[in-house]
Amino acid sequence: MVSRLRYLLNQRLTRKQTLQIHACIIASSATHLEPLLVNQILLSAGNRAGSAIRYVELILLHVQASCAFSWGITVRFLSQNGRFGEACSLYGRMQRLGICSSSFAVSSALRACARTMDKNGGSSIHTQAHKLGFCACVYVQTALLDLYSRVGDMETAQRIFREMPEKNVVSWNSTLFGYVKSGNIEMARKIFDEIPDKDAISWNSMISGYAKVGDMEQAGILFKQMPERNSSSWNAMLSGYIDCRNIESARKLFDAMPQRSNVSWITMISGYSKCGEVDSARLHFDQMAAKDVLVYNAMIACYSQNSRPREALQLFNDMIKPNIDIFPDEMTFSSIISACAQLGDLQSGSWIESCMLRLGIRMDNQLTTALIDMYAKCGSIDKACELFNELSKKDVVSFSAMILGLGINGRAIDAVRLFDEMIEAGINPNLHTFSGLLTAYSHAGLVEEGYQCFKSMRTYGLMATVDHYGMMVNLLGRAGLIEEAYNLIASMPSQAHSGVWGALLLACRMHNNVEIGEIAATHCFELEPDRAGYYSLLANIYASAGLWANVKKIRKIMEDKGFIKVPGFSWVDS
DNA sequence: TGACGACCTC
């Protein structure tokens, strides 16, 4: 088994081979891996990144048997490959076992804390590094600077920067990035102007800083000024346009780019996704020659976010075909689980779960949150609750998912209780949280409570969206408060969409209100002329009021539009 | 080894 492992480690790995390594390591766990081999595995994994990441977790099980060196490089390896949470917890385990640290391990662990925004974890490593005398190492200093910059503690970052005996362009850039990230564009510019020898990263950071605050003009000026543009510079401009929802300018820039990296393509795909232009996104996707896992993830997310779950699943199927050598990762599964939730079908959900198991995907809190949503929408609310209680850290997303889940399963009281718990825990609600709450009130028919909840959104600094208004119209309308619902639409700060008017029309049908029903129907016809359902609803309203002449009129329109088959022309008849 | 830029869940 061990020799087979050695052989595989010297190959350029395909997905199949990586799975074989997986199997080998599992099989070897019974016999125990020797420390030297562990080191060899780690180093070869580090050189290969990508697919090799899959078996690192299994190596961690064996790393106890090896030396301080293997611990250090494993922390570094995880940190370099975006497995920040695991890097932090491994470093913690190292500490508890009393294994000797190194500047390698310290700077890697700090980097991991910076990326996960774990300020407390980072500070305690800082204290420890100080005691061990690692703070004289320039890499550790830069990692500390990066940590405090990222978590927004610019005061400490500045102090570390000032105390650095030798400042290089990396330390300047880290400071610059800190100000950019915290949105302090004036200070960022000040630092930028002071950098003695700016490199491409300095320019790019400043450009994306302007782009992030929506100042594309300044971004453009710097972009033109900079001596040597690389593909990141173009991408910074590109995502700036996307963030301002200026897809036209993004498109022009994309077409003018001298070279397009995968980042450029992904930025365009997700840009189209945000604007709901799914087909344009797919067109770009199809044009790409070398697609990696991130490109697939972007396209799958696009389908999932734009309510096209079947196509998301289809693309996932294409992705895992044996002739395509790509590994789905945690992000792929987040989107795919969301697609299954939209389908409301547990069967595809459990198929996905078995895929995850087979591929060795580790359950993290985000994936668990996606699963909570899926189980709740498929009606398995107890399973959803179970997963929610197991979360190691609950955030606004998981709370919102659970609140919505309880709401759609008719447990309004529990939903409200959970909301209170969330506020108690100091977590700020967002627009999704209120969608969940309003859904809960709506399902329970709690009109007054729902209305109070809707009004309370302002207290949290939130502006109700059209969808929230739609939910309120639904709630009021079902309770027969048609006039109130209509007045609410009239008071909306933005234009109502067909969902809002449709909800009102449906309420008018339930409560046979001809007058407002006609108004609602007129808006629905205008907004969605080709949807037959609205015409039927109005016809039914007329019918229930005995206005047969009007019923006839609507039926005539429906015939003219081809919604109703005229006898003699029917396919079935012929 | 370190600094910029892309993909995830409600």
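Values below: every heavy atom of this structure, side chains too, minus hydrogens, waters and symmetry copies. Predicted, not measured: the structure shown is a model, and the values here were computed from it. The sequence lines fix the lettering, A, B, ..., with proteins before strands; numbering per chain opens at 1.
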Of all the nucleotides listed (dC8(B), dG5(B), dC10(B)), which has the minimum atom distance to the side chain of Q305(A)? dC8(B)
Salt bridge (Lys or Arg N to Asp or Glu O under 4.0 Å) partners of residues 385-406 of chain A, not counting sequence neighbours, each pair once: none
Thinking salt bridges, do E194(A) and K190(A) make one under a 4.0 Å N-O criterion? yes
So is the aromatic ring of F333(A) stacked onto the base of dC8(B), judging by whether the centres are under 5.5 Å apart and the planes are under 30° apart? no
Categorize Y139(A) for me: base, sugar-phosphate, or nothing, with a 4.0 angstrom heavy-atom threshold over every strand shown. base
Nearest to the side chain of S400(A), heavy atoms from C-beta on, is which of dC10(B), dA3(B), dG2(B)? dC10(B)
Remember a base hit wins even if backbone is also touched, and classify S231(A) as base, sugar-phosphate or nothing at under 4.0 Å, heavy atoms. base
Among dC10(B), dG2(B), dC7(B), which nucleotide sits nearest the side chain of Q80(A)? dG2(B)
With sugar-phosphate meaning primed atoms plus P, OP1 and OP2, does D199(A) contact a base, only sugar-phosphate, or nothing at under 4.0 Å between heavy atoms? base
Check the angle between the aromatic planes of Y296(A) and F285(A) and answer parallel, tilted or perpendicular using the 30° and 60° thresholds. perpendicular
Closest nucleotide among dT9(B), dC10(B), dA3(B) to the T369(A) side chain: dT9(B)
Tell me what S334(A) touches on the nucleic acid: a base, only sugar-phosphate, or nothing, going by heavy atoms under 4.0 Å. base
Pair R362(A) + E86(A), salt bridge at N-O below 4.0 Å: yes
Nearest-nucleotide pick for S270(A), side chain only, options being dG2(B), dA6(B), dA3(B): dA6(B)
Nearest-neighbour nucleotide for the S208(A) side chain, dG5(B), dC10(B), dC8(B) considered: dG5(B)
Given dC8(B), dC10(B), dA3(B), the nucleotide with the shortest approach to the side chain of V397(A): dC10(B)
Side chain of I201(A) - closest among dC10(B), dC7(B), dA3(B): dA3(B)
Just compare dT9(B), dG5(B), dG2(B) and give me whichever is closest to any side-chain atom of F177(A). dG5(B)
